[in-house]
Amino acid sequence: MCKYNSCPLELKQEHYHEEAVRIKNFNSNKELNALETREKKIIMESKPVKLMAILTRRCNLRCIMCPRVRDEEFNLPFDLTKKLYTFFPYLEWVSWQGGEVFLVDYFKELFLETAKYPHIKQHIMTNGLLINREWAKIFSQSNVDLLYSIDGVTKDIYEFIRHGAKFEDLIKRLELINEFRGKYGSTNRMDINAIVMRCNYKTLSLFPDFCRKYNFTSLNLNFLCHSTLPEQDILINPDFNALSYLKEIIPQIRNRCREYNIGFKCLFEFRLESLWQNHSDSNFTTGSCLVKEHENSTSDYCIYPWTMAVIEPNGKVKPSCECELSIGDLKENTLEEIWNGRNMQLYRSMISNKRSKEICSRQCLIEKNNDA
């Protein structure tokens, strides 16, 4: 029952008026932000419409490919997260990431505070092993999507990659959240992000049936960053036997996902094509196609400095998680001050003037080229 059903009429009217004003302000900011983004405004009147917060470096697992610094096990201080609250009325999307967010002692309070704004789609990246009955019920009644990090759908591969995890525990947690999704009729998304490596690429064909069995909405295949685990890399230093297998199997996976009405995206498919195009080139050297893609990228316009802010556990703020230059620090300024601060203006100005290669990270430029 709505908590306002038994209230006096004047309180109900006041509540409905507040909701109407909130929705109007949200829609007005969204429209203004879209306009200012198209016009490439350097100083914005609108607030960001997206927010990502990396709440912690702590995790309950030690995955073989994880890039997190092992001795950096700290949380974003709760008093800094409260500086984000003033932007909640304007946001349409918030992503909570870690580490593992369920290890953060204030996460439930933060999640429920955000849930007071029904227009915000919350997004959580998780390994899923710490989702208990309470969280399963909360998620089934909230506007939230879950992105699971699952790189193997057999016990041996899963536990080899995710040190400290048990495959049986993953299955129990998935059954639990599906129990509550069914009970409350939840249509929220549950997606899988899988990192493709030497140890798991031959098992990728098993993912569509796993997704179907446990009601996942989509499957995303990503690639391994070269610097984290070179011995498992098959793309940056190409293993053409592995890539030949992937070229054959990925279309089959896509077709199977389509048959099951499951979304599918392979985030390294452009690399496969580039690698094969360059394979017969007599001047080909390791990684040369990726450098070429980066240098010749035509996708100069990135909208992140106009639409989003990313908060790191140390309080530093960036336009996106791939950016190398910080635009401010929540320990020193409010997000409002940072949003139009000197460094954010620098990002907007240089990207507007097609000078993104001078300020954007190489990795981000390559990924934008993939989306172009």
Give a yes or no answer on whether the side chain of [X] reaches the backbone of [Y] with a donor-acceptor pair at less than 3.5 Å.
| X | Y | value |
| --- | --- | --- |
| Thr217 | Met190 | yes |
| Asn33 | Ser46 | no |
| Asn200 | Ile195 | yes |
| Arg58 | Gly99 | no |
| Trp135 | Ile177 | no |
| Asn29 | Lys47 | yes |
| Tyr347 | Tyr304 | no |
| Thr114 | Leu110 | yes |
| Lys83 | Leu330 | yes |
| Asp239 | Asp233 | no |

Nearest 0.5 Å please: distance from the [atom1] atom of [X] over to the [atom2] atom of [Y].
| X | Y | atom1 | atom2 | value |
| --- | --- | --- | --- | --- |
| Asp151 | Cys63 | CG | SG | 7.0 Å |
| Phe102 | Asn132 | CZ | CG | 8.5 Å |
| Ile249 | Gln252 | CD1 | CD | 4.0 Å |
| Arg162 | Cys66 | CZ | SG | 8.5 Å |
| Asp79 | Lys331 | CG | NZ | 10.0 Å |
| Ile311 | Cys321 | CD1 | SG | 12.0 Å |

Do [X] and [Y] share a hydrophobic cluster, counting only Ile, Leu, Val, Met, Phe, Trp and Tyr and linking them when any side-chain heavy atoms are less than 4.5 Å apart?
| X | Y | value |
| --- | --- | --- |
| Ile42 | Leu346 | no |
| Ile23 | Leu91 | no |
| Ile120 | Leu84 | yes |
| Ile54 | Leu147 | no |
| Ile161 | Met125 | no |

**OP:** Taking the six-membered ring for Trp and the single ring otherwise, decide whether the centroids of Phe111 and Phe139 are under 6.0 Å apart.
**Re:** yes
Original post:
Do Tyr148 and Phe216 have their ring centres less than 6.0 Å from each other?
Top reply: yes
Original post:
Please walk me through it: do Leu221 and Leu246 pass side chain to side chain contact (heavy atoms under 4.5 Å, CB included)?
Top reply: CA-CA 11 Å; Leu221 300 182; Leu246 290 174; over 6 Å; no
Heavy-atom neighbours of [X] [atom1] exceed 12 at 6.0 Å:
| X | atom1 | result |
| --- | --- | --- |
| Asn261 | CG | no |
| Glu45 | CD | no |
| Glu168 | CD | yes |
| Lys213 | NZ | no |
| Lys121 | NZ | yes |
| Lys108 | NZ | no |

On a heavy-atom basis, which atom in [X] and which in [Y] lie closest, and how many Å separate them?
| X | Y | value |
| --- | --- | --- |
| His119 | Phe88 | CE1-O, 3.3 Å |
| Arg348 | Trp339 | NH2-O, 3.0 Å |
| Glu269 | Ile250 | OE2-CG2, 3.8 Å |
| Ile138 | Leu112 | CG2-CD2, 4.3 Å |
| Ser320 | Val310 | CA-CG2, 3.5 Å |
| Ile192 | Ile150 | CG2-O, 3.7 Å |

NZ/NE/NH1/NH2 to OD/OE distance under 4.0 Å, [X] and [Y]:
| X | Y | value |
| --- | --- | --- |
| Lys137 | Glu134 | no |
| Arg133 | Glu179 | yes |
| Glu39 | Lys41 | yes |

Mind checking whether [X] and [Y] have parallel, tilted or perpendicular rings, split at 30° and 60°?
| X | Y | result |
| --- | --- | --- |
| Tyr90 | Phe87 | perpendicular |
| Tyr184 | Phe180 | parallel |
| Phe210 | Phe167 | tilted |

Could you tell me whether the side chain of [Y] reaches within less than 4.5 Å of the side chain of [X], counting heavy atoms only?
| X | Y | result |
| --- | --- | --- |
| Tyr214 | Glu175 | yes |
| Pro89 | Asn25 | no |
| Ile234 | Val196 | yes |
| Ser352 | Trp306 | yes |

Side-chain H-bond candidate by donor/acceptor type, [X] with [Y], under 3.5 Å:
| X | Y | result |
| --- | --- | --- |
| Asn314 | Arg57 | no |
| Thr56 | Glu100 | no |
| Gln97 | Ser95 | yes |
| Asn255 | Arg258 | yes |

**OP:** Kindly determine whether Cys199 and Gln232 satisfy side chain to side chain contact (heavy atoms under 4.5 Å, CB included), including the steps that lead there.
**Re:** CA-CA 7 Å; Cys199 63; Gln232 288 291 337; 3.5 Å; yes
**OP:** Step by step, work out the side-chain hydrogen bond (donor to acceptor under 3.5 Å, both in side chains) result for Tyr260 and Asp209.
**Re:** CA-CA 8 Å; Tyr260 293 159; Asp209 286 295; 2.6 Å; yes
